[in-house]
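Any value given below was found using the heavy atoms of this structure, including those in side chains, with hydrogens, waters and symmetry copies removed. Quick caveat, the model's predicted, so the values are computed rather than measured.
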Amino acid sequence: MTTTILIGPADRRARAVASYLLADAAALRRRLRDRGVDVQLVSAFDPGVVGSDTDADLRPDVVLDVPVRSRDQRADGIASAGLLARELAAVAADGVVHAVGWRATAVAVTARAETGVPVVAHADQLPSWPGDDRADGTVMARLGWAALGAADKVVVESTWARDVAVRRGVVPDRLHVVGPALTRLPAEAATAPAADEPLVLSVGDPGDVGSLRPVAEAVLHHPGARLVVAGGAGLDPAAVAAVKERLRELPVVRRLGTRCRVAPEPAASLCRRADLVVDVSSTPGRGLGVLAAMFEARPLVAAAVGGADELVVDRVTGLLVEPRDRVHTRDAVADLLADPFRLEAYGLAGRDRAQAVFDPEQLTDALVAVHERAAGRSERDADEVETVDVRDVDGASSSVVPA
């Protein structure tokens, strides 16, 4: 029995998203192989197109060959779904398909109609969420929720995401809260930050510039403090430049001058050099930057949205603030920068919590348990089909119950 991990489709413009998907899928392949599972990684897009082929560990085993190479996300998500599903059915005729992302889930559940192979959907990013006026109710959001609702099992990272999925019609019994079990987590020991110039690292959505205003205000009034905005993996120079331009629209950022910069590196690597990590975006994120900070013993200021309150314990591992609460956010950052003892205490408590609750091996165990349940169902379905075939050939009574 072969397990297939599917990623895609992704349009050429979505480079950062495609890079995250590829990293998540490669990490899932590694963890399942470590448990003795026969795994192949299948990509519904060419990694070279999105600039993610630099790391050999991220290269897929199979790239589905479809003629659609549109620059339009909607076209790749809808027009090519049938073609991709047909190609997937040819390479994943048995076992279990783990679909990373809801677009991949749409392809996998379409292929399931031909193969009958169970689909485990990894919804680390939801198609839409309450209050998302830009995406909520669009064609792509409806497609995404329909795909997740059709999957045999759905893995999410927080109870908040589970509750949103239930409200969107996903059957509760199919949902499993595993935590951020896909992406690699920092394994290095925590390193001491510089003591003279405090560094505040933002790991939230780099496009949510408005949420950074109170953070920049607190940094501006703390002598020597600097602000670094993590762009995330896969952010190309053009995207970094766009974020910089939007930041410069804020007068407080212009006053910071060289004390504020945008870094294209992943948040996990930047956390090791930070004194304080903030994620005050008003939109729910993946939570991986927050989790990386906890493993690196860094204190946190986070907006209580999208499951962040499940990671951060208020006044124990950091401070929780209301989204878009400018005064509360500015005061929280300023208070922590002025209190090195609380910075250290929150950081150490966060690392203890991360190691106890979000240990990669424990999360992997939970993820493998979901895989084994899906694989067990596949084997039972195969036995049922085989039993029925034998009964028909032998002319046995129809009262015989399949195994």
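- Contact between Ala332 and Val321 at its shortest, heavy atoms only, is CB-CG1, 3.9 Å.
- More than 12 heavy-atom neighbours from other residues, nucleotides or ligands sit within 6.0 angstrom of CD on Gln355.
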**Request:** Could you walk me through whether Glu217 and Arg326 pass salt bridge (Lys or Arg N to Asp or Glu O under 4.0 Å), step by step?
**Result:** CA-CA 10 Å; Glu217 290 173 349; Arg326 181 175 175 180; 2.3 Å; yes
Side-chain donor-acceptor distances from residues 335-350 under 3.5 Å, at least two apart:
from, atom 1, to, atom 2, distance (Å)
Asp339, OD1, Phe341, N, 3.3
Asp339, OD1, Arg342, N, 3.2
Asp339, OD2, Arg342, NE, 3.2
Arg342, NH1, Tyr346, OH, 3.4

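- Put simply, OG on Ser282 and CG on Asp325 are 12.5 Å apart, with the number rounded to the nearest 0.5 Å.
- Applying the salt bridge (charged side-chain N to carboxylate O under 4.0 Å, His left out) test to Arg174 and every residue at least two apart in sequence or in another chain returns nothing.
- Pro118 and Ala374 get closest at one heavy-atom pair: CG-O, 3.9 Å.
- Pairs of residues two or more places apart, or lying in two chains, that qualify as side chain to side chain donor-acceptor pair (under 3.5 Å) and include a residue from residues 246-262 are Glu245-Arg248.
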**Prompt:** Given Arg30 and Val39, is the side chain to side chain contact (heavy atoms under 4.5 Å, CB included) satisfied, shown in steps?
**Reply:** CA-CA 9 Å; Arg30 173 178 54 83; Val39 180; over 6 Å; no
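- Side-chain contact between Val278 and Leu276 is present, with at least one heavy-atom pair separated by less than 4.5 Å.
- At least one side-chain heavy atom of Leu148 sits less than 4.5 Å from a side-chain heavy atom of Pro127.
- Checked against side-chain contact (heavy atoms from CB on, under 4.5 Å), His176 has the following partners two or more places apart in sequence or in another chain: Lys153, Val178, Val370, Arg373.
- The side-chain contact (heavy atoms from CB on, under 4.5 Å) search around Ala165 returns Trp145, Val170, Leu175, not counting sequence neighbours.
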**Item:** Worked check of side chain to side chain contact (heavy atoms under 4.5 Å, CB included) between Leu64 and Leu6
**Value:** CA-CA 10 Å; Leu64 301 181; Leu6 173 68; 4.2 Å; yes
**Request:** Begin with the C-alpha distance, continue with both residues' side-chain angles, and end with the deciding distance and a verdict on salt bridge (Lys or Arg N to Asp or Glu O under 4.0 Å) for Asp61 and Arg33.
**Result:** CA-CA 13 Å; Asp61 302 302; Arg33 282 180 175 174; 3.4 Å; yes
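- Counting heavy atoms from C-beta on, the side chains of Thr3 and Asp38 never come closer than 4.5 Å.
- Annotation for Gly306 and Ser158: closest pair O-OG, 4.3 Å, computed over non-hydrogen atoms.
- Separating the OG1 atom in Thr105 from the CZ atom in Arg112 is a distance of 10.5 Å, to the nearest 0.5 Å.
- The shortest heavy-atom contact between Pro214 and Ser211 is CD-O, 3.4 Å.
- Looking at Ile5 and Val100, their side chains come closer than 4.5 Å, going by heavy atoms from C-beta outward.
- Put simply, CG on Asp279 and OG on Ser202 are 6.5 Å apart, with the number rounded to the nearest 0.5 Å.
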**Request:** Evaluate salt bridge (Lys or Arg N to Asp or Glu O under 4.0 Å) for Arg324 paired with Asp208, printing each intermediate quantity in order.
**Result:** CA-CA 11 Å; Arg324 295 292 183 183; Asp208 189 6; 2.8 Å; yes
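- Between Glu372 and Val368, some side-chain heavy-atom pair lies under the 4.5 Å cut-off.
- For the pair Asp152 (side chain) and Val119 (backbone), a donor-acceptor distance under 3.5 Å is present.
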**Asked** Taking it one step at a time, do Leu300 and Leu319 satisfy side chain to side chain contact (heavy atoms under 4.5 Å, CB included)?
**Response** CA-CA 6 Å; Leu300 287 150; Leu319 297 177; over 6 Å; no
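- Atom CG in Leu250 sits 5.5 Å away from atom CZ in Arg213 (nearest 0.5 Å).
- Taking CG of Asp275 as the reference point, atom NE2 of His222 lies at 8.5 Å (rounded to 0.5 Å).
- With sequence neighbours excluded, the residues satisfying side-chain contact (heavy atoms from CB on, under 4.5 Å) with Ala216 are Leu227, Val252, Val253, Leu256.
- Checked against salt bridge (charged side-chain N to carboxylate O under 4.0 Å, His left out), Asp365 has the following partners two or more places apart in sequence or in another chain: Arg35.
- Residues Val96 and His371 have side chains in contact (heavy-atom distance under 4.5 Å, counting atoms from C-beta outward).
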Which pairs of donor and acceptor atoms, one on a side chain in residues 307-314, lie under 3.5 Å apart (sequence neighbours left out)?
from, atom 1, to, atom 2, distance (Å)
Glu310, OE1, Thr159, N, 3.0
Glu310, OE1, Thr159, OG1, 3.1
Glu310, OE2, Thr159, N, 3.2
Glu310, OE2, Thr159, OG1, 2.5
Glu310, OE2, Trp160, N, 3.0
Asp314, OD1, Leu320, N, 2.9

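- Take Ala334 and apply the side-chain contact (heavy atoms from CB on, under 4.5 Å) test, not counting sequence neighbours, and it matches Ala218.
- Under the 3.5 Å distance criterion, the side-chain polar atoms of Arg351 are left unmatched by any main-chain donor or acceptor of Phe295.
- Counting only heavy atoms from C-beta outward, the side chains of Leu201 and Leu199 approach each other to under 4.5 Å.
- Panel note: side chain Ser281, backbone Thr283; no donor-acceptor pair is recorded below 3.5 Å.
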**Item:** From CA spacing to verdict: side chain to side chain contact (heavy atoms under 4.5 Å, CB included), Asp359, Leu363
**Value:** CA-CA 6 Å; Asp359 175 71; Leu363 297 179; over 6 Å; no
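- Nearest heavy-atom pair, Thr115 versus Ala92, reported as atom, atom and distance to 0.1 Å: CG2-O, 3.9 Å.
- Rounding to the nearest 0.5 Å gives a distance of 11.0 Å between CD of Glu296 and CG of Leu270.
- Taking the salt bridge (charged side-chain N to carboxylate O under 4.0 Å, His left out) definition, one finds that Arg315 meets it with nothing, sequence neighbours left out.
- In this model, no donor atom of one side chain and acceptor atom of the other lie less than 3.5 Å apart for Arg353 and Thr317.
- Across all their heavy atoms, Val305 and Pro323 have their closest contact at CB-CG, 4.1 Å.
- Looking at residues two or more places apart in sequence or on another chain, you find a side chain to side chain donor-acceptor pair (under 3.5 Å) between Thr4 and Gln40.
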